[in-house]
**Student:** 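Here it is: the structure, laid out below.
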Amino acid sequence: AQSVAQPEDQVNVAEGNPLTVKCTYSVSGNPYLFWYVQYPNRGLQFLLKYITGDNLVKGSYGFEAEFNKSQTSFHLKKPSALVSDSALYFCAVRALDRGSTLGRLYFGRGTQLTVWP
Amino acid sequence: EAQVTQNPRYLITVTGKKLTVTCSQNMNHEYMSWYRQDPGLGLRQIYYSMNVEVTDKGDVPEGYKVSRKEKRNFPLILESPSPNQTSLYFCASSPNSPNQPQHFGDGTRLSIL
């Protein structure tokens, strides 16, 4: 079965410290991987994606993510956290269901990131 | 400004009273979808549409209907709402597939009493 796991419901980090939000996936075929961020009372906003190529992907607001095929992971990282990074983060994977040529997006449960001053 | 617009943003209603949540995008996108967001469950896809008159079920389609008569609009219809459909709903669109970044609306919070 296709699935995405975000093992931490919450991540707390001090401003200026590096942050990591974890994501692992289980899909058949080559995965297309995404990170989205959700601020209060807003829809999700796209941060970055991995489809192919370099395993380290750079995205918006200084975020990056590392694709690790052997560990089936796509962790989100930022070298120096800001208070304004506090939000809900979602990992998503596009997976091909049997008989489908288009695929569908599967989302993780979300990780609440809190950066304190 | 490129955007996905949902209406209403908030609605409290009663069991069994038909309601429609509208979704409109101004980016000429072919792919549109509806999700519901519930605490601890993340986002789950309800329905999606690859183009006008082409729709298909997502993970949790029961109790919902959609239509895609025009490219820009993708309304979500609850014919007979029930309390278990109380949730936060998001419409999203992308140029032509889920392989591309999705543009999300700001959400519709539905409460079914």
Side-chain angles (χ1 to χ4, degrees), chain A residues 1-10 21 23-25 27 29-52 57 59-60 63 65 87-112, chain B residues 1-10 21 23-25 27 29-51 54-61 74 87-109:
Chain A
Q2 328 277 22
S3 66
V4 179
Q6 293 181 241
E8 300 155 319
D9 291 333
Q10 287 200 328
V21 182
C23 172
T24 59
Y25 63 90
V27 300
N30 292 323
Y32 290 17
L33 294 153
F34 303 83
W35 275 102
Y36 288 85
V37 60
Q38 184 181 28
Y39 298 102
N41 299 315
R42 299 299 304 274
L44 280 68
Q45 296 176 30
F46 168 75
L47 274 182
L48 51 80
K49 68 177 180 182
Y50 171 84
I51 295 178
T52 187
V57 179
S60 307
F63 283 93
L88 187 58
Y89 290 80
F90 288 97
C91 181
V93 62
R94 188 231 62 173
L96 284 175
D97 295 326
R98 187 173 298 179
S100 168
T101 57
L102 199 61
R104 290 200 287 127
L105 270 184
Y106 293 85
F107 283 84
R109 297 182 178 186
T111 298
Q112 180 66 47
Chain B
E1 181 189 350
Q3 57 186 4
V4 177
T5 304
Q6 296 178 226
N7 280 297
R9 292 290 313 278
Y10 304 91
V21 184
C23 173
S24 180
Q25 48 92 7
M27 295 167 280
H29 284 172
E30 292 182 351
Y31 186 87
M32 297 185 75
S33 58
W34 276 102
Y35 296 89
R36 59 179 288 173
Q37 182 180 9
D38 301 290
L41 296 177
L43 272 75
R44 294 178 292 169
Q45 192 177 51
I46 303 171
Y47 270 95
Y48 64 96
S49 170
M50 291 180 282
N51 213 326
V54 182
T55 64
D56 206 351
K57 297 176 181 178
D59 294 316
V60 287
F74 189 45
S87 187
L88 180 57
Y89 291 85
F90 288 100
C91 180
S93 74
S94 65
N96 51 40
S97 81
N99 302 344
Q100 297 145 329
Q102 304 292 300
H103 296 252
F104 282 81
D106 282 337
T108 296
R109 187 167 291 282

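Since this is a predicted model, take the numbers as computed values, not measurements. So that the names make sense, note that chain A is the first sequence line, chain B the second, and so on, each numbered from 1.
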**Student:** Between B:Ser49 and B:Val54, is there a donor-acceptor pair closer than 3.5 Å when you use the side chain of the first and the backbone of the second?
**Tutor:**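 A pair under 3.5 Å: yes.
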**Student:** At a 4.5 Å cut-off on heavy atoms, which part of A:Ile51 comes close to chain B: side chain, backbone, both, or neither?
**Tutor:** side chain
**Student:** Could you tell me whether the side chain of A:Trp35 reaches within less than 4.5 Å of the side chain of A:Lys49, counting heavy atoms only?
**Tutor:** no
**Student:** Taking C-beta and beyond as the side chain, do A:Arg109 and A:Gln6 meet within less than 4.5 Å on heavy atoms?
**Tutor:** no
**Student:** Between B:Gln45 and chain A, with a heavy-atom cut-off of 4.5 Å, which part of the residue counts as in contact: side chain, backbone, both or neither?
**Tutor:**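 Side chain only.
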**Student:** Which region of A:Leu47, side chain (C-beta onward) or backbone (N, CA, C, O), has a non-hydrogen atom less than 4.5 Å from a non-hydrogen atom of chain B, or is it both or neither?
**Tutor:**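 Neither part.
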**Student:** Taking atom types as modelled and ignoring hydrogens, do the side chains of A:Thr111 and A:Glu8 form a donor-acceptor contact shorter than 3.5 angstrom?
**Tutor:** no
**Student:** For A:Phe63 and A:Tyr89, take the angle between the two ring planes, folded into 0 to 90°, and tell me which bin it lands in: parallel under 30, tilted 30 to 60, perpendicular over 60.
**Tutor:** tilted
**Student:** Select one option (side chain, backbone, both, neither) describing which atoms of B:Tyr89 are under 4.5 Å from chain A's heavy atoms.
**Tutor:** neither
**Student:** Is chain B contacted by the side chain of A:Asp9, its backbone, both, or neither, given a heavy-atom distance below 4.5 Å?
**Tutor:**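 A:Asp9 has no heavy atom closer than 4.5 Å to chain B.
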**Student:** Taking the six-membered ring for Trp, are A:Phe34 and A:Tyr50 closer than 6.0 Å centroid to centroid?
**Tutor:**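 A:Phe34 vs A:Tyr50: aromatic centres not under 6.0 Å.
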**Student:** Counting only heavy atoms closer than 4.5 Å, note whether B:Asp56 contacts chain A via side chain, backbone, both or neither.
**Tutor:** neither
**Student:** Looking at B:Gly105, B:Gly40, B:Pro101, B:Ser33, which has the largest count of heavy-atom pairs under 4.5 Å with chain A?
**Tutor:** B:Pro101
**Student:** With respect to chain A, which residue among B:Gln100, B:Arg9, B:Gln37 yields the maximal number of heavy-atom pairs within a distance under 4.5 Å?
**Tutor:** B:Gln37
**Student:** With a 6.0 Å cut-off on ring centres, are A:Tyr36 and B:Phe104 close enough?
**Tutor:** yes
**Student:** Under a 4.5 Å heavy-atom cut-off, does chain B meet the side chain of A:Gln38, its backbone, both or neither?
**Tutor:**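 Only the side chain of A:Gln38 comes within 4.5 Å of chain B.
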